Amino acid sequence: MIVASWNVNSITARLPHVLGFLESVSPDFLCLQELKCIDEKFPFAEIEKLGYQALVNGEKTYNGVAILTKGHSVELISKALPHSPEPVQSRLIEAKVDDCFLLNLYVPNGSEVGSNKYEYKMLWFEALLTYINEKHKPEDKLIVVGDFNIAPEDRDVHDPDLWKGAVLVSDKERALFQRLAAFPLLDSFRLFESEGGFYSWWDYRQMAFRRNNGLRIDHILITKPLQSVLKRSWIDKATRKLDKPSDHAPVLIELDL
DNA sequence: ATGGTGGTCGTACCA
């Protein structure tokens with residue numbers, strides 16, 4: 001069973017790549033972030049043509065998340081994040097798939113340390129911690145995926161000195177991520193790879209991808225009951241090399257389920 | 001050089 005997560009930076013602009021990914025990788029579940037469209041404009045028909053069902057929490061111009069599934073039972077659990085700061089945005093969708101919970105997130109970017117958007121990110125993440133602790137137990141089979149907009153450690157950053165203290169790597173953001181990890185939720189990628197140099201996002205500017213100037217900010221976290229069936233965790237860097245790519249690459253896990 | 005690219009929308013805003 002393959003679970004993938006991908007910030008597509010507009011489902012409309014990226015539809016050909018998404019359809020190609022569904023055909024070539026054939027994931028059981030694909031979690032999308034940054035749809036940048038309302039539910040009514042989501043390309044259900046093209047995606048259903050490939051045998052996928054879509055659960056969508058859309059929003060005009062910004063944000064928006066979806067869970068695509070093929071060949072599994074799926075039940076919507078939530079599109080709402082209680083205690084979210086204002087304004088409420090479409091950044092969460094959770095489904096129950098078979099006997100697992102799949103929680104798909106688009107964590108706020110935060111803009112700049114100390115800005116209003118940074119404060120929004122802190123409050124949103126606090127609400128997320130409350131949500132997970134109230135709705136789930138460590139014994140649950142729970143997969144939390146998405147664009148976390150946090151590089152957990154310096155080995156997840158191409159140039160830690162350059163990025164030191166900046167948004168996406170600041171101590172306060174990393175402390176929030178660690179509180180999530182303490183649930184406990186395990187960073188699937190780090191169960192297999194301890195080296196640096198592996199990233200999921202590269203800025204469109206300054207030939208960042210060609211120079212591998214990236215950050216690992218997209219994650220797939222799992223609870224302990226899933227650890228024994230986790231077979232691998234990887235980043236599909238090839239997708240970032242396509243014409244007109246998203247600035248994020250898909251991240252994936254394979255589970256023996 | 002204090003920018004730089006890309007998506008949305010039809011302009012600034014967001015990442």
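In what follows, chains are A, B, ... by sequence order, proteins preceding strands, each numbered from 1. The structure displayed is predicted, hence computed values, not measured ones. Just the heavy atoms: all of them, side chains too, but no hydrogens, waters or symmetry mates, feed the values below.
- For A/K117, the side-chain atoms get nearest to B/dC14 when compared with the rest of B/dT8, B/dC14, B/dG7.
- Atom pair A/Q206:CD and B/dG3:C1' shows a separation of 8 Å (rounding to whole Å applied).
- For A/K70 and A/D28, the salt-bridge test fails: no basic side-chain N is under 4.0 Å from an acidic carboxylate O.
- The local environment of NZ in A/K231 is crowded, with over 12 non-hydrogen atoms from other residues, nucleotides or ligands closer than 6.0 Å.
- We find that A/D39 and A/K60 are not joined by a salt bridge, their nearest charged nitrogen and carboxylate oxygen being 4.0 Å or further apart.
- When the side-chain nitrogen and oxygen atoms of A/R91 are compared with OP1 and OP2 of B/dA15, one or more of them lie within a distance under 4.0 Å.
- Spacing between atom CZ of A/F148 and atom P of B/dA15 amounts to 17 Å, rounded to whole angstrom units.
- When the P atom of B/dC14 is taken as reference, atom CD of A/E112 falls 12 Å away, rounded to whole Å.
- Residue A/F209 is classed as having no contact, given no heavy-atom separation below 4.0 Å to the nucleic acid.
- For A/E34, taking side-chain heavy atoms from C-beta onward, the closest of the listed nucleotides B/dT5, B/dA15, B/dT8 is B/dA15.
- Minimum atom distance to the side chain of A/K36 is reached by B/dG6, of the listed B/dG6, B/dC13, B/dA15.
- A salt bridge between A/E139 and A/K137 is absent, with no side-chain N of the basic residue lying under 4.0 Å from a carboxylate O of the acidic one.
- Going from atom CG of A/L215 over to atom P of B/dA15 covers 15 Å, rounded to whole Å.
- Taking atom C1' in both B/dG4 and B/dA15, one finds a spacing of 14 Å when rounded to whole Å.
- With DNA chain B read from its 5' end, the first of the two nearest nucleotides for A/I11 and A/N63 is the one closest to A/I11.
- With rounding to whole Å, A/N149 atom CG is found 14 Å from B/dC14 atom P.
- The distance from atom OH of A/Y62 to atom C1' of B/dA12 is 8 Å, rounded to the nearest whole Å.
- Of the candidates A/N9, A/N63, A/T61, A/T12, A/K36 forms a side-chain hydrogen bond (donor to acceptor under 3.5 Å, both in side chains) with just one, namely A/N9.
- Annotation: B/dG10 and B/dC14 have their P atoms spaced 15 Å apart (nearest Å).
- Residue A/T61 is the one, among A/S111 and A/T61, whose nearest nucleotide of DNA chain B lies closer to the 5' end (criterion: closest heavy atom).
- Across all strands, A/T12 comes closer than 4.0 Å only to sugar-phosphate atoms, never to a base (heavy-atom distances).
- Between the CG atom of A/N7 and the C1' atom of B/dG7 there is a distance of 12 Å, given to the nearest Å.
- Atom CZ in A/R205 sits roughly 10 Å away from atom P in B/dG6 (whole-Å rounding).
- Base pairing analysis places B/dG4 opposite nothing; no Watson-Crick or G-U wobble pair with both distances below 3.5 Å involves it.
- The shortest distance between the side-chain N/O atoms of A/R14 and the OP1/OP2 oxygens of B/dG7 is below 4.0 Å.
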